[in-house]
Q: 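Take this structure, written in structure tokens, and hold onto it; I'll ask about it next.
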Protein chains: 2
Amino acid sequence: MTDQQAFFDLLDIMENEKLVEPTRFFDLMRGTFSIANLLYLDADVFPAGLAIHRLHHTLGANSLRAYMDAGFQRIDPVLKMAIGGVRPVDWATARKLHPESEPLFATAADLGHKLDGVTLPLPTPTRRLAFLAIQADMPTEEWPAYKRCHLRDFQILANLFHASLLENDNRIQLSDHCGKSLTHRETEVLSWAAAGKSYWEIGTILGISERTVRFFMTNARRKLNVVSNSQAVAQAVRRDLISTL
Amino acid sequence: MTDQQAFFDLLDIMENEKLVEPTRFFDLMRGTFSIANLLYLDADVFPAGLAIHRLHHTLGANSLRAYMDAGFQRIDPVLKMAIGGVRPVDWATARKLHPESEPLFATAADLGHKLDGVTLPLPTPTRRLAFLAIQADMPTEEWPAYKRCHLRDFQILANLFHASLLENDNRIQLSDHCGKSLTHRETEVLSWAAAGKSYWEIGTILGISERTVRFFMTNARRKLNVVSNSQAVAQAVRRDLISTL
DNA sequence: CGCAAAACTGTCGGTAGTGACAGGTTCGAA
DNA sequence: TTCGAACCTGTCACTACCGACAGTTTTGCG
């Protein structure tokens with residue numbers, strides 16, 4: 001195959017460059033493969049919805065606005081399957097499994113979009129959702145074979161692109177790291193509070209006075225900038241500051 | 001290349017079979033690629049350490065015991081890099097970056113292990129760490145070219161194996177899903193408590209009496225099987241039942 | 001309609017959490 | 001050695017939380 005060299009060139013770029021800008025990555029992908037569009041999403045998942053961290057795509061403002069305006073994110077079967085699992089989701093498969101999503105595919109077709117593609121879930125070190133959606137640029141009958149051949153290429157390149165963005169995020173976050181961290185004892189009492197223990201119980205467990213437990217808890221509340229133990233525990237759990245299950 | 005067909009055969013198996021047992025996957029991988037050993041880990045990450053969910057490997061009990069006894073998990077640079085990032089970690093690279101880990105590599109060599117390999121972080125829908133470590137079975141000088149050629153194969157197959165195990169876990173968990181879920185109001189009240197609001201404040205915010213807030217909170221505590229609001233909030237945050245930041 | 005689940009409210013009494021007062025000890029880094 | 005950070009303790013007054021009592025109203029579904 002003649003694609004082989006192009007893939008390896010792209011692999012080298014993704015492995016060696018510190019930060020690959022989304023637009024550049026998208027251009028490289030479209031230059032190397034028969035891809036119509038790409039969409040990269042990195043978000044927090046809540047029952048109520050998504051808190052989007054990063055969103056990059058080549059779809060154009062119109063398509064995305066139409067998608068959001070119609071509330072398609074609530075019925076999008078690809079999104080559902082990507083959130084729930086870690087397996088690459090083929091759009092045609094998702095469409096077949098979720099007939100209620102027909103309006104979405106109909107609208108997409110109206111806007112001139114191809115309906116073949118695959119969405120690749122990506123590794124996330126913290127609790128997040130991330131994926132790269134790839135839209136095919138070829139007749140529908142050619143797509144399955146093309147996907148079979150190149151899925152591995154897409155996956156590794158998507159992973160490396162994702163890694164590049166995450167590593168860049170980390171670099172930025174390291175600098176604005178204000179706010180003191182909790183001491184060992186503060187973490188400890190917070191953990192026991194999260195386990196439902198009272199001050200008196202915690203004091204007994206740790207072999208210190210109830211008053212001292214209160215002292216640590218007060219310090220923890222101050223450091224976390226919160227007003228109640230419940231709020232402190234919520235923060236601590238969200239920020240992975242405490243361990244006990 | 002003659003490997004190509006073998007890869008695609010394996011790809012078909014991983015895509016189509018519901019559950020691929022670890023031993024079977026490992027055998028298939030070793031039959032297809034020049035791999036000495038594999039190790040798959042799925043765990044929760046806490047500051048204090050790892051809570052292992054699944055661990056499958058082909059190393060033999062001796063090697064793993066030696067690893068744990070020596071406390072190598074605390075200095076293992078591969079582990080560190082896999083936890084912190086999402087990029088495939090080459091063992092030789094990790095070794096170079098973390099000179100303090102020499103004892104680990106020395107011991108591994110003593111036990112007759114090759115020191116070439118790569119560890120692939122895997123997508124995790126919840127907050128977890130998962131990876132597949134692959135140990136090369138070839139002379140060191142051949143490994144870089146082999147890895148470059150097959151990294152994409154490893155990654156996609158690892159993802160599919162991981163997906164297969166996770167989906168099986170989900171199936172099991174669905175059946176023993178006892179305990180009622182929280183109502184809308186219970187979730188709402190819990191969210192405000194996690195934000196540090198008192199009963200009276202929550203009542204004012206939601207336009208209901210303080211007593212009613214207490215009622216919902218009591219129900220939430222009972223349903224979550226906990227004894228304090230702090231514990232309820234901890235559970236709710238851990239189980240993603242509440243959203244507010 | 002009937003029924004169940006959710007939403008809502010009141011009061012009492014005990015326990016737990018919270019802030020502000022005012023200290024002492026111990027250990028490691030400058 | 002001096003200094004700061006972490007660790008530890010006591011008391012007072014106030015507020016918040018929590019369980020148990022005993023209800024009413026609304027909503028959705030068969």
Side-chain angles (χ1 to χ4, degrees), chain A residues 47-48 74 100 177-239 241-244, chain B residues 47-48 177-239 241-244:
Chain A
R74 281 192 289 275
E100 78 279 8
H177 191 289
C178 65
K180 296 192 174 183
S181 64
L182 299 179
T183 69
H184 177 244
R185 280 308 215 194
E186 285 155 7
T187 306
E188 221 164 7
V189 294
L190 214 41
S191 299
W192 286 113
K197 304 299 180 188
S198 71
Y199 285 165
W200 182 86
E201 291 174 304
I202 299 171
T204 305
I205 291 167
L206 299 181
I208 57 181
S209 79
E210 184 183 332
R211 174 62 187 89
T212 306
V213 177
R214 248 169 57 219
F215 172 78
F216 290 135
M217 198 63 100
T218 304
N219 286 340
R221 277 198 305 273
R222 192 175 34 75
K223 284 184 182 173
L224 294 172
N225 198 27
V226 300
V227 297
S228 76
N229 282 359
S230 293
Q231 196 183 3
V233 164
Q235 283 296 321
V237 171
R238 287 205 180 98
R239 286 147 73 165
L241 269 29
I242 56 178
S243 51
T244 325
Chain B
H177 190 287
C178 65
K180 298 191 173 183
S181 64
L182 300 180
T183 68
H184 177 244
R185 280 310 215 192
E186 285 156 6
T187 307
E188 220 168 2
V189 167
L190 213 42
S191 298
W192 285 113
K197 304 298 180 189
S198 71
Y199 286 165
W200 182 86
E201 291 173 305
I202 299 172
T204 305
I205 291 167
L206 299 180
I208 56 180
S209 80
E210 184 183 332
R211 175 62 187 88
T212 305
V213 176
R214 243 169 63 219
F215 174 77
F216 290 134
M217 198 63 101
T218 303
N219 287 339
R221 275 198 307 273
R222 191 177 33 74
K223 285 184 182 173
L224 294 173
N225 198 28
V226 300
V227 296
S228 75
N229 282 359
S230 293
Q231 196 183 4
V233 164
Q235 282 296 320
V237 172
R238 286 203 181 100
R239 286 147 72 166
L241 302 173
I242 56 177
S243 51
T244 324

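Values reported hereafter were calculated over all heavy atoms of this structure, with side chains retained and with hydrogens, waters and symmetry mates removed. Numbers restart at 1 for each chain; the letters A, B, ... are given by sequence-line order, proteins then strands.
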Q: Hey, does Arg185(B) reach any base, or is it just sugar-phosphate, or nothing, if we go heavy atoms under 4.0 Å?
A: sugar-phosphate
Q: Nearest of dA16(C), dA6(C), dC7(D) to any side-chain atom of Thr183(B)?
A: dA6(C)
Q: Calculate the interatomic distance between Glu186(B) atom CD and dA5(C) atom C1'; express it in whole Å.
A: 11 Å
Q: Can you measure Phe215(A) atom CZ to dG10(D) atom P for me and round it to whole angstrom units?
A: 14 Å
Q: Mark yes or no for a side-chain to base donor-acceptor pair under 3.5 Å between Arg211(A) and dT18(C), with no hydrogen or angle criteria applied.
A: no
Q: Measure from the side-chain N and O atoms of Gln231(A) to the backbone N and O of Ala195(B), and report whether any donor-acceptor pair falls under 3.5 Å.
A: yes
Q: Check the distance between dT15(D)'s P and Glu201(B)'s CD and give it to me in whole angstrom.
A: 14 Å
Q: Rounding to a whole Å, what distance do you find between Glu210(B):CD and dT11(C):P?
A: 12 Å
Q: May I ask you to say what Asn219(A) touches in the nucleic acid, namely base, sugar-phosphate or nothing, with a heavy-atom cut-off under 4.0 Å?
A: nothing
Q: Among Val213(B), Asn219(B), Thr218(B), find the one that has a side-chain contact (heavy atoms from CB on, under 4.5 Å) with Phe215(B).
A: Asn219(B)
Q: Please determine if a side-chain N or O atom of Ser228(B) lies less than 4.0 Å away from the OP1 or OP2 oxygen of dC17(D).
A: no
Q: How do Lys197(A) and Leu206(B) order along DNA chain C: which one's closest nucleotide is nearer the 5' end?
A: Leu206(B)
Q: Under 4.0 Å: is that the gap between some side-chain N or O of Ser209(A) and OP1 or OP2 of dG10(D)?
A: yes
Q: Measure the shortest side-chain to side-chain distance between Phe216(A) and Ile202(A) over non-hydrogen atoms and say whether it is less than 4.5 angstrom.
A: no
Q: With a 4.5 Å limit on heavy-atom distance, are the side chains of Arg185(A) and Leu206(A) in contact?
A: yes
Q: Please state how far atom CZ in Arg222(A) lies from atom P in dA20(C), giving the value in whole angstrom units.
A: 12 Å
Q: Specify the separation, in whole Å, of atom NZ of Lys223(B) and atom P of dA5(C).
A: 10 Å
Q: For Phe216(A), which contact category applies under a 4.0 Å heavy-atom criterion: base, sugar-phosphate, or nothing?
A: sugar-phosphate
Q: Please report, rounded to the nearest Å, how far the C1' atom of dT9(C) is from the CE atom of Met217(B).
A: 17 Å
Q: Rounded off to whole Å, could you give me the CG-to-P distance for the Leu190(B) and dA7(C) pair?
A: 14 Å
Q: Of the candidate nucleotides dC12(C), dC8(D), dG17(C), which contains the atom at the shortest distance from the side chain of Arg214(B)?
A: dC12(C)
Q: Heavy-atom nearest nucleotide on DNA chain C for Arg221(A) versus Thr212(B): which residue maps closer to 5'?
A: Thr212(B)
Q: Look at Tyr199(A) and dT15(C) and indicate whether a side-chain polar atom (N or O) is within less than 4.0 Å of OP1 or OP2.
A: no
Q: Taking C-beta and beyond as the side chain, do Arg221(A) and Asn229(A) meet within less than 4.5 Å on heavy atoms?
A: yes
